[in-house]
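Quick note on labels: first sequence line is chain A, next is B, and so on, each numbered from 1.
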Protein chains: 2
Amino acid sequence: MLQNIRIAVDAVVFGYQHGELYVLLIKQKFGTEEAYWALPGGLVLNDEALIDAVKRELKEETNVEVNYLEQLYTFGDDINRDSRNRVISVAYFVLIDSSKTLIKADTDADNVQWFAIKEVPQLAFDHKLILNTALARLKAKLTYQPIGFDLLPEEFLFSELENLYCTILEKEIDRRNFRKKILSFGIVEETDRFSEKKGGRPAKFFKFNKKKYKQLDKEGFHFEIRFA
Amino acid sequence: MLQNIRIAVDAVVFGYQHGELYVLLIKQKFGTEEAYWALPGGLVLNDEALIDAVKRELKEETNVEVNYLEQLYTFGDDINRDSRNRVISVAYFVLIDSSKTLIKADTDADNVQWFAIKEVPQLAFDHKLILNTALARLKAKLTYQPIGFDLLPEEFLFSELENLYCTILEKEIDRRNFRKKILSFGIVEETDRFSEKKGGRPAKFFKFNKKKYKQLDKEGFHFEIRFA
DNA sequence: TATATTTGTGTATTAATTACGCTTATAGAT
DNA sequence: ATCTATAAGCGTAATTAATACACAAATATA
């Protein structure tokens, strides 16, 4: 009997704004059934690399500019995760700087939307499971890889970085120790720009030196942010 | 155009014996071409979960008893990784206690064999890439999850555990600090059995308390073995 | 009984983490 | 101009963890 299994890719795209973690969803219309929100994704073309399939779908459906992308997990244990056919989904984990991404000028914006992670609606298929898997990956990786920077603008304030960690990890941090530790790595540099926010001492903008990080990483350096 | 992509699973099965890391390979015969050694695996059945497919293939081809199994990575970026058809492979990472596994009494043993990791022959398809990915995973995970125990017999000597770490990570360790650290976790317990090896002070056998580890893990404990 | 071999243990030094509070620069109100 | 509120920036002492390092104990064999 010939194999009759389809292969799709789906992307969990995280963004961070106004002190909140967001995920990007699209409105999935299938048949006459109720429209569910779903992760962006779709079937892989015959002559298309998996990674190109995700990139294509992201471009077509949402037009986001990707800062970080890696394979997350392949979902294929539940035979009926898609009720129409057997579909195996290779899920990807994506981080973007949502401040610079204008979602989809070209498609109707109603169908693509950011949802605060605490306010995600019911999702199609097993997409909730995929999202939860991605969230676990995000939390884990944040502590041992400098991926937090991929959720922020190129130049950011320490308070923003700190809030990002607190928010996503749902933990309190000592502001001073956090700053000290990050700076001790030598992968974050201060700029000469200052925040123009009112009502307090102006804050310096900083930026992440990715090149420096990659070099240190090669030399055996371990990034790690962990809190009691 | 209909999707025409096949989906397979492959397993990288690691074992550890006589102070060496081994990988399990099978002889792949296809057509009249030269037989290559390859990772155990094969196509997924239409109504079969991915994980069941790996387990089935492992059972059919090698008959090993699995101690640890997790999804490794899905290889589907190289369109031509299999020259016959487009095949996407979901690779799995498997650890076994090779001392208790008798490989394949039922199939001809010539076709299933352990290879020391330094002596792996040329492999079929992109299996070398898959193996390297698994090896990287093994090295990384050894430092932050107690998976070394899944390569050892239920009861083991400290010297064996220590050698396993040294061998796989290709690093020297201070014997005393290593022991102190492992014991400080409280997840390894001494038994009352002693080694009967000759020529030195007899060594106590220890065993890993998995239940205890899982509990500590839930409480926020972090296993970590890292060396300068 | 002496020698070789492997296991088992302790401590001092150094480095990293944690806990903690005051000063500075700005905006806005008076 | 002065006062108040707000957030940023900085330093140090106390605690905890990691590292470096050497000798004693138990066995087998000569």
Side-chain angles (χ1 to χ4, degrees), chain A residues 18-19 142-144 146 152-153 155-167 169 171-207 216 219-228, chain B residues 18-19 142-144 146 152-153 155-167 169 171-207 216 219-228:
Chain A
H18 313 304
L142 219 45
T143 71
Y144 66 85
L152 291 175
E155 304 198 341
F156 55 85
L157 308 176
F158 246 100
S159 56
E160 292 172 331
L161 185 64
E162 185 199 319
N163 281 325
L164 185 149
Y165 270 86
C166 292
T167 306
L169 299 178
K171 280 193 180 149
E172 297 285 296
I173 313 175
D174 182 277
R175 199 162 52 88
R176 291 157 291 185
N177 292 337
F178 178 77
R179 187 187 181 108
K180 211 187 309 174
K181 188 157 199 180
I182 294 278
L183 288 175
S184 76
F185 295 152
I187 57 179
V188 163
E189 290 159 3
E190 63 178 65
T191 68
D192 43 16
R193 280 215 307 136
F194 280 83
S195 156
E196 273 151 29
K197 193 154 40 88
K198 320 273 175 178
R201 178 173 173 169
K204 269 188 218 124
F205 277 99
F206 287 80
K207 58 182 179 184
L216 286 173
E219 295 167 8
F221 161 76
H222 285 281
F223 178 89
E224 185 162 322
I225 298 288
R226 206 168 266 166
F227 315 99
Chain B
H18 313 303
L142 218 46
T143 71
Y144 66 84
L152 291 174
E155 303 198 342
F156 55 85
L157 308 176
F158 246 100
S159 55
E160 292 172 331
L161 185 64
E162 184 199 320
N163 281 328
L164 186 149
Y165 270 86
C166 292
T167 307
L169 298 179
K171 281 192 180 153
E172 297 285 296
I173 313 176
D174 182 276
R175 201 163 51 88
R176 293 159 289 188
N177 293 338
F178 178 75
R179 186 185 182 110
K180 211 185 311 173
K181 188 156 197 179
I182 294 278
L183 288 176
S184 76
F185 295 152
I187 57 178
V188 163
E189 290 159 3
E190 63 179 63
T191 69
D192 42 14
R193 281 213 307 136
F194 281 83
S195 156
E196 270 150 29
K197 197 157 30 96
K198 318 271 176 185
R201 176 172 176 171
K204 270 190 217 121
F205 276 99
F206 287 80
K207 60 180 177 183
L216 287 173
E219 295 168 7
F221 160 78
H222 285 281
F223 179 89
E224 185 161 321
I225 298 289
R226 205 168 268 164
F227 314 101

Atom-pair distance (CD on A/E160; P on D/dG9), nearest Å: 11 Å
With B/E172 via side-chain contact (heavy atoms from CB on, under 4.5 Å) - residues at least two apart: none
Residue pairs passing the side-chain hydrogen bond (donor to acceptor under 3.5 Å, both in side chains) test where at least one lies in residues 182-192 of chain B, sequence neighbours excluded: B/E189-B/N209, B/E190-B/K204
Over 12 non-hydrogen atoms of neighbours within 6.0 angstrom of NZ in B/K207: no
Sequence neighbours excluded, every pair satisfying salt bridge (Lys or Arg N to Asp or Glu O under 4.0 Å) that has a member inside residues 155-167 of chain A: A/E155-A/R193
Inter-axis angle, terminal five-pair segments of the helix from C/dT1-D/dA30 to C/dT30-D/dA1 [nearest 10°]: 10°
Sugar-phosphate only, base, or nothing, as touched by B/R175 at under 4.0 Å among non-hydrogen atoms: base
Closest approach of A/L183 to A/V188 (non-hydrogen atoms, all atoms of both residues): CD2-O, 4.1 Å
Atom of A/P202, atom of A/S195 and distance for their closest heavy-atom approach: CB-O, 3.9 Å
Under the side-chain hydrogen bond (donor to acceptor under 3.5 Å, both in side chains) test, residues paired with B/E196 that sit two or more places apart: none
Test ring-ring contact (aromatic ring centres under 6.0 Å, His included) applied to A/F205 - qualifying residues, sequence neighbours left out: none
Produce the list of close N/O pairs, under 3.5 Å, pairing protein atoms with atoms of nucleotides 11-17 of chain D; give distances to one decimal.
residue : atom : partner : partner atom : Å
D/dT12  : O4   : A/K180  : NZ           : 2.8

Test side-chain hydrogen bond (donor to acceptor under 3.5 Å, both in side chains) applied to B/R226 - qualifying residues, sequence neighbours left out: B/E224
5' to 3' contact window, DNA chain C with chain B (heavy-atom distance under 4.0 Å): C/dT5 to C/dT11
Shortest non-hydrogen separation from B/D174 to B/N177 and the atoms involved: OD1-N, 2.9 Å
Nucleic acid contacts - residues 192-205 of chain A versus DNA chain D, non-hydrogen atoms under 4.0 Å: A/G199, A/G200, A/R201, A/P202, A/A203, A/K204
ring-ring contact (aromatic ring centres under 6.0 Å, His included) partners of A/F223, counting only residues at least two apart: A/F185
Nucleotide D/dG9, atom C1' - distance to CG of A/L157 in whole Å: 13 Å
Sub-4.5 Å side-chain heavy-atom contact between A/L164 and A/F156: no
Set of ring-ring contact (aromatic ring centres under 6.0 Å, His included) partners for A/F194, sequence neighbours left out: none
